[in-house]
Amino acid sequence: MKLSRRKMLAATAGGIVTAAATGYAQNGAVPQPRRPGHGGTDPGPRNLERDHQNPDMLVPPSTDSGTLPNLRFSFSDAHMRLESGGWTRQVTVRELGVSTAIAGVNMRLNAGGVRELHWHKAAEWAYMLYGTARITAVDAQGRNFVGDVGVGDLWYFPSGIPHSIQGLGPDGCEFLLVFDDGTFDEDNTFLISDWFKHTPGEVLGKNFGVPASAFGHVPDPKELYIFPARVPGALATDEIRGAAAVSQPLSYRMMAMQPIRTKSGTVRIVDSRIFPASTTIAAALVEVNPGAMRELHWHPNTNEWQYYIEGQGRMGVFGASGQARTFDYRGGDVGYVPFAMGHYIENTGTQPLRFLEMFKSSYYADVSLDQWIALTPPELVQAHLRIDAQTIDALRKEKKPIVPA
């Protein structure tokens, strides 16, 4: 007896469900949205790669509850703007709706590639991910800054200060930019070429004291933005004779500082207390060993914007009133924790998990759940949690930001 096409498809689909369920049960090859007594199989359509990358979205821990907003977005899902000297992509409030205070840009400049002279309303904080770059800026008092930055270095350009970035040899650079405004748009900055092209030539001539014809060959702004140029020479060749230097350095070598170190990882904290120029962004670079965890804590001053550099991990966020969600992260992902919400970040991979925590604040602050309970009268803690004296004695009075597996 011949099977109809509809019956054949139905039979095939049924076989896929059975195979998927059996395969997952035997070797975990096909994850399914179920745990004992809950859920069921998903016969598809499916994006298995996404399901493998987000196990805590597919099968949330039983402790998850409620409807906290999405707290994850990957730069891999962001629009890539390709230019002649490199590329750029951004994650703003348009991509991650909850992130109203901070936006991020991931940018690559080829060797010699220049991010055009520009300025913007938001302050700019940066972390170098790869290679080396030369940065320049001039402040409102006419003082200048020219410096070279490498992997792990930071820079900060205050709001409205004009600046540039150029990739150096041998292979340019890649970096993360963080802006203190979630609605920031990298495509809407104030570009020097754009201003020149929209100012009458005679006005330019009068302003600079030269013939108007001197500006007859200014490139169209579409040709610049990120464009190729000659790789500059040694730093000394870009020094401006007679120029006064800015009062505070606009770059900082984060990797040169001594970290907070535990046997399970490290934390480097940089805010305006040690990098005075950075008045609106505080940050921490966190490294968590496999199986270890950034302890249960919260931040009492502002929201947290995260960038995952390498490794894989999961973050559980507690939002009060029975609200809790768990998210999975990998290198290139952005995470977010709304103001004052409790959370942890656990390394779920086999390699170190490295990520940045950024805050729209002049200072860094966190509250440790462990330390809070340890410094609260024991009888009061026991009345709340019904834990025994041995557990009370194990609590840490000194903060340990990374706890072991």
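Numbers here simply count residues along the sequence, with the first being 1.
Glu310 and Arg354 are joined by a salt bridge, as a carboxylate oxygen and a charged side-chain nitrogen come within less than 4.0 angstrom of each other. A salt bridge is absent between Asp64 and Arg325: the closest approach of a Lys/Arg side-chain nitrogen to an acidic carboxylate oxygen does not fall below 4.0 angstrom. In summary, Asp328 and Arg314 do not engage in a salt bridge, as defined by a charged side-chain N under 4.0 Å from a carboxylate O. Ion pairing between a basic and an acidic side chain is recognised when a charged N comes within 4.0 Å of a carboxylate O; Asp148 and Arg134 show such pairing. Between Arg241 and Glu239, none of the side-chain N atoms (NZ, or NE/NH1/NH2) sits under 4.0 Å from a carboxylate O, so this pair counts as no salt bridge. Taking 4.0 Å as the cut-off between side-chain N and carboxylate O, Glu186 and Arg89 do not count as a salt-bridged pair.
Side-chain contact of His79 with Gln90: a donor-acceptor pair under 3.5 Å is absent, judged by distance alone. A donor and an acceptor atom, one from each side chain of Glu295 and Ser368, are located under 3.5 Å apart. Checking Gln306 against Tyr308 by side-chain atom types alone, a donor-acceptor pair falls below 3.5 Å. Side chains of Tyr156 and Thr280: a donor-acceptor N/O pair is present below 3.5 angstrom, by distance only.
For the pair Arg115 and Phe175, the cation-pi criterion (under 6.0 Å, within 45° of the ring axis) is not fulfilled.
Side chain of Asp271 to backbone of Ala283: no donor-acceptor contact under 3.5 angstrom is found. Judged by distance alone, with hydrogens and angles left aside, the side-chain atoms of Gln166 form no donor-acceptor pair with the main-chain N or O of Val114 at under 3.5 Å. Side-chain atoms of Ser74 come within 3.5 Å of backbone atoms of Ser76 as a donor-acceptor pair (strictly under, hydrogens ignored).
Between His299 and Tyr364, the distance separating the two ring centers is shorter than 6.0 angstrom. You'll find the ring centres of Phe355 and Tyr329 outside the 6.0 Å limit. Ring pair His343/Phe318: centre-to-centre distance not below 6.0 Å.
Contact annotation: the side chain of Leu385 approaches that of Ile373 to within less than 4.5 Å [non-hydrogen atoms, C-beta and beyond]. Residues Lys397 and Leu375 meet the side-chain proximity criterion, which asks for heavy atoms closer than 4.5 Å.
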